Every structure is written in structure tokens, then in C-alpha cells.
Amino acid sequence: DFTEGGAIKLSGKMFVASDWTPRNFSMSLDADNLDARFFQALWPQWAMAKTRRWMQANLLVGYLENARISMVGSFEPGSQKPVLSDLSGTGSYKNTTVKWASNMPLMTGIDADLVLDSTALNITTSSGRLEDFILDSGRVTIGPVLTKDQRTVDVSLKAQGGLATALDI
């Protein structure tokens with residue numbers, strides 16, 4: 001418990017062979033009211049490394065609330081590199097600032113609910129701003145999640161604002 005800085009509960013299991021070689025693992029994380037940057041620092045470097053790097057570079061400000069994340073995996077024989085086989089989670093980001101793409105202005109004041117499973121990350125937004133655009137609602141789906149292949153991003157937004165901003169986006 002970090003008092004006003006949030007709370008974290010981490011638990012897990014590691015299964016080892018008779019020669020003490022790690023085989024399988026499961027982990028879960030419960031977090032509440034964490035600064036987004038602190039949550040990113042907790043993210044294991046080996047777990048979805050590209051996503052972790054994107055979040056560190058582009059999720060600039062905000063708070064993570066009521067987050068529940070579970071992962072299951074195994075270790076590659078020989079290299080002992082951890083590989084995820086199942087991933088799930090839920091949570092909410094509040095008052096978040098995001099740089100979605102390098103050529104876009106910052107999106108600010110975003111409130112979003114996240115639902116994650118092995119097939120997709122679904123982000124449902126309820127507020128936010130992109131320059132003079134006011135976001136009423138939106139949905140972003142990214143998937144599949146556990147793949148080394150390319151992912152698909154589907155974006156649907158309902159917003160009000162100026163035509164010049166719309167054309168710039």
C-alpha cells in the first residue's frame with residue numbers, strides 16, 4: 001500500500017522440474033490508483049516488450065484504477081526465455097494524456113476502460129480532448145494480443161470539433 005500513491009498486490013506461482021529448471025508460471029497483479037508511469041515501471045521487460053515500449057513513450061500522464069491482470073506462461077527450453085500463453089485483465093485509466101502517433105497532437109483528459117484477453121485489447125473511452133475536438137465516446141480494439149505477427153487496430157470515435165482539426169488528423 002502506497003497510501004495516497006496507490007496500492008499493489010502481486011502474487012504468482014512457479015513450477016519447476018526435478019532438476020529445478022523453471023517450467024511454467026502464473027502471475028496476477030491487482031492495482032488501484034497508480035500513476036501510469038509507475039505502472040509502466042512495474043511491467044516486466046520480457047512481457048509484450050513492444051507494447052511496453054509504446055506505453056512508456058506515449059502514455060504520458062494518468063492514473064490506473066481497479067486494475068486486475070493475470071498471465072500464464074512457460075519458459076523456452078534452452079534459453080529459459082518466458083513466453084506468455086494466456087493473458088487477461090481489466091482496468092480504467094483516468095485523466096490520461098496520450099500521444100497516439102508522432103504526427104498527431106496530444107490527446108488529453110482521456111478516461112478509458114480496458115478489457116484485455118489473449119485475443120484483443122478493447123479500450124472504451126468516455127471522455128477526452130484532441131485540440132478543439134471533444135471526445136464523446138470511442139472504442140479502440142487491438143488484436144490479436146499474443147502474437148509475433150502484425151496486429152490490427154480498429155478505431156471508432158464520436159467527437160465534436162472543428163473541421164480544420166478533423167482534416168489535420
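These numbers come from a predicted model, not from an experiment.
- Under a hydrophobic clustering in which Ile, Leu, Val, Met, Phe, Trp and Tyr are joined whenever their side-chain heavy atoms come within less than 4.5 Å, directly or via other members, M104 and L59 fall into the same cluster.
- Atom CD1 of I69 and atom CG of L116 lie 7.5 Å apart (nearest 0.5 Å).
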| said: If you apply the rule side chain to side chain donor-acceptor pair (under 3.5 Å), what do you find for S88 with D117, and how did you get there? | reply: CA-CA 4 Å; S88 62; D117 64 31; over 6 Å; no

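- Side-chain atoms of R151 come within 3.5 Å of backbone N or O of V145 as a donor-acceptor pair.
- Between R53 and T51 the shortest side-chain heavy-atom distance does not fall below 4.5 Å.
- The minimum heavy-atom distance between Q40 and M55, with the atom names listed, is NE2-O, 3.4 Å.
- The closest side-chain heavy-atom distance from T119 to P144 is not below 4.5 Å.
- Of all the heavy atoms in P22 and V16, the pair that sits closest is CA-CG1, 4.0 Å.
- If you take CZ on F133 and CD on E131, they are separated by 9.5 Å, rounding to the nearest 0.5 Å.
- F15 shares a hydrophobic cluster with no other residue; no ILVMFWY side chain has heavy atoms under 4.5 Å from its own.
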| query | So V153 and V140, side chain to side chain contact (heavy atoms under 4.5 Å, CB included) or not? Walk me through it. | reply | CA-CA 7 Å; V153 178; V140 177; 4.2 Å; yes

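- Scanning all heavy atoms of the two residues, the minimum distance from S74 to N24 falls at CB-OD1, 3.2 Å.
- Criterion: ILVMFWY side-chain heavy atoms under 4.5 Å apart, direct or through other members. Under it, W54 and L84 are part of a common hydrophobic cluster.
- Counting heavy atoms from C-beta on, the side chains of F39 and I8 never come closer than 4.5 Å.
- The backbone N or O of N66 sits less than 3.5 Å from a side-chain atom of D32, completing a donor-acceptor pair.
- Side-chain contact, S28 with S11: a donor N or O sits under 3.5 Å from an acceptor N or O.
- Atoms CG and OG, from L87 and S70 in turn, are 8.5 Å apart once rounded to the nearest 0.5 Å.
- Hydrophobic clustering of Ile, Leu, Val, Met, Phe, Trp and Tyr side chains at less than 4.5 Å, counting indirect connections, keeps M107 apart from I134.
- Hydrophobic clustering places M71 together with L10 (ILVMFWY residues linked when any side-chain heavy atoms are closer than 4.5 Å, directly or through intermediates).
- In this structure, the separation between CG on L157 and OG1 on T125 is 6.0 Å, given to the nearest 0.5 Å.
- Separation of atoms CD1 (I123) and CZ (R139) is listed at 10.0 Å; rounding is to 0.5 Å.
- Looking at residues two or more places apart in sequence or on another chain, you find a side-chain hydrogen bond (donor to acceptor under 3.5 Å, both in side chains) between S127 and D111.
- Remark: F25 engages W46, F75 in a ring-ring contact (aromatic ring centres under 6.0 Å, His included) (not counting sequence neighbours).
- Legend: residues meeting side-chain contact (heavy atoms from CB on, under 4.5 Å) with Y63, ordered by chain and number and at least two apart, are N33, D35.
- In this structure a side-chain-to-backbone donor-acceptor pair under 3.5 Å is missing from T90 to V115.
- When the shell of 6.0 Å around CD of Q80 is examined, it contains more than 12 heavy atoms from other residues, nucleotides or ligands.
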| side chain to side chain contact (heavy atoms under 4.5 Å, CB included) between Q150 and T152, intermediate numbers included | CA-CA 7 Å; Q150 222 162 352; T152 302; over 6 Å; no

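- A distance of 9.0 Å separates CD1 of I142 from CG of L114, quoted to the nearest 0.5 Å.
- Residues satisfying the side-chain hydrogen bond (donor to acceptor under 3.5 Å, both in side chains) criterion with D149, sequence neighbours excluded, are absent altogether.
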Please table the atom pairs, donor to acceptor, closer than 3.5 Å between any side-chain atom in residues 91-101 and protein atoms at least two apart or in another chain.
from : atom 1 : to   : atom 2 : distance (Å)
S92  : OG     : D113 : OD1    : 2.6
T96  : OG1    : K94  : O      : 3.4
T96  : OG1    : I110 : O      : 3.4

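- L29 and M27 end up in the same hydrophobic cluster when Ile, Leu, Val, Met, Phe, Trp and Tyr side chains are linked at under 4.5 Å.
- Residues P105 and L130 approach most closely at O-CD1, 3.4 Å, considering heavy atoms.
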